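Working notes for the structure below.
A note on names: the letters A, B, ... follow the listed sequences, proteins ahead of strands, and every chain is numbered from 1. On a predicted model such as this, the values are computed, not experimentally measured, just so you know.
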Amino acid sequence: AQKVTQAQTEISVVEKEDVTLDCVYETRDTTYYLFWYKQPPSGELVFLIRRNSFDEQNEISGRYSWNFQKSTSSFNFTITASQVVDSAVYFCALSESYSGAGSYQLTFGKGTKLSVIP
Amino acid sequence: NAGVTQTPKFQVLKTGQSMTLQCAQDMNHEYMSWYRQDPGMGLRLIHYSVGAGITDQGEVPNGYNVSRSTTEDFPLRLLSAAPSQTSVYFCASSLYGRDYEQYFGPGTRLTVT
């Protein structure tokens with residue numbers, strides 16, 4: 001079973017639409033950390049947000065917002081009024097204390113490719 | 001402040017050849033790691049290091065070696081390249097470890113023929 005599931009492989013939206021990228025995770029730990037990274041077409045990976053398992057407050061940063069719900073093991077990412085520059089692959093990631101056969105792992109989802117059409 | 005640098009940017013190898021991908025950071029980060037990115041697979045951890053002299057395996061370590069003789073450098077060695085190692089390789093560093101923001105290098109695109 002995947003530890004981090006991003007069920008949406010590709011999403012296309014028209015500019016100015018809102019879009020939500022889903023992330024569902026699986027862990028046995030009570031202490032863990034969740035991340036979102038952005039990979040624009042240029043290829044570099046850019047950190048967006050970090051959230052620890054004890055902080056369920058939603059966070060907003062400009063047009064970006066994140067909804068963390070432990071009850072559903074989800075950490076979803078919403079872009080409001082999308083822009084062409086938001087076109088990228090977005091990765092959700094999980095860091096947990098216990099990860100079975102491989103400790104100290106930061107596990108990434110497979111990514112969601114977002115295309116914003118002008 | 002260069003951040004995380006990787007060389008080369010592109011490399012083509014023949015099956016069986018060996019080579020070293022270089023990674024360096026100038027942020028005095030203790031934690032460094034190597035990932036490979038394959039289409040539809042996300043990023044998978046190859047090896048990581050929590051400080052000079054300390055390395056450990058990640059999810060997909062077979063066919064790769066690492067060493068960490070200094071805080072700054074974390075080279076990844078391909079012992080005998082195979083077509084299955086065709087991928088984009090990213091090096092990352094973090095001040096406090098995997099629970100914190102990772103700074104990624106620009107990546108190395110490797111093709112093994």
Side-chain angles (χ1 to χ4, degrees), chain A residues 1-10 21 23-25 27 29-55 59 61 88-113, chain B residues 2-6 8-10 23 25 27 29-51 54-62 64 66 68 87-110:
Chain A
Q2 294 180 44
K3 286 184 182 276
V4 179
T5 301
Q6 295 181 253
Q8 304 147 308
T9 305
E10 294 194 39
L21 309 183
C23 174
V24 174
Y25 62 92
T27 180
D29 275 350
T30 55
T31 301
Y32 53 90
Y33 297 84
L34 294 160
F35 303 82
W36 277 94
Y37 285 85
K38 174 182 179 180
Q39 186 176 42
S42 53
E44 76 273 22
L45 283 140
V46 178
F47 167 82
L48 294 177
I49 190 171
R50 167 183 177 264
R51 171 68 75 224
N52 76 56
S53 53
F54 297 106
D55 182 2
E59 179 149 345
S61 176
V89 180
Y90 291 87
F91 292 97
C92 180
L94 165 70
S95 177
E96 49 188 339
S97 300
Y98 177 79
S99 58
S103 60
Y104 292 103
Q105 286 206 33
L106 176 63
T107 304
F108 284 79
K110 295 184 178 182
T112 296
K113 182 178 181 180
Chain B
V4 180
T5 58
Q6 291 183 238
K9 283 188 167 43
F10 302 94
C23 174
Q25 52 91 9
M27 298 174 282
H29 287 176
E30 292 294 334
Y31 184 86
M32 296 185 73
S33 53
W34 276 102
Y35 290 88
R36 59 178 290 174
Q37 183 178 22
D38 302 295
M41 296 296 293
L43 284 91
R44 292 182 292 168
L45 182 67
I46 305 171
H47 286 285
Y48 66 92
S49 169
V50 298
I54 307 169
T55 64
D56 206 345
Q57 296 180 352
E59 181 185 356
V60 288
N62 292 340
Y64 307 95
V66 292
R68 185 97 179 268
S87 188
V88 180
Y89 291 85
F90 287 97
C91 178
S93 74
S94 175
L95 180 58
Y96 298 117
R98 63 184 169 86
D99 293 341
Y100 294 84
E101 176 185 355
Q102 305 289 311
Y103 292 81
F104 284 85
T108 294
R109 185 173 293 274
L110 175 69

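For the set Glu44(A), Arg50(A), Lys113(A), the entry with the most heavy-atom pairs within less than 4.5 Å of chain B is Arg50(A). Among the candidates Met41(B), Gln102(B), Arg44(B), the residue making the largest number of heavy-atom pairs closer than 4.5 Å to chain A is Gln102(B).
Ser95(A) and Arg98(B) share a side-chain donor-acceptor pair at under 3.5 Å.
Proximity to chain B (any heavy atom under 4.5 Å) is shown, for Tyr32(A), by neither the backbone nor the side chain. Only the side chain of Phe90(B) comes within contact range of chain A, with heavy atoms under 4.5 Å apart.
Side-chain atoms of Lys38(A) and Trp36(A), non-hydrogen and from C-beta on, never get closer than 4.5 Å to each other.
Closest approach of Cys92(A) to Gln6(A), counting heavy atoms only: N-OE1, 3.0 Å.
The closest donor-acceptor contact from the side chain of Thr112(A) to the backbone of Glu10(A) lies at 3.5 Å or more, if one exists at all.
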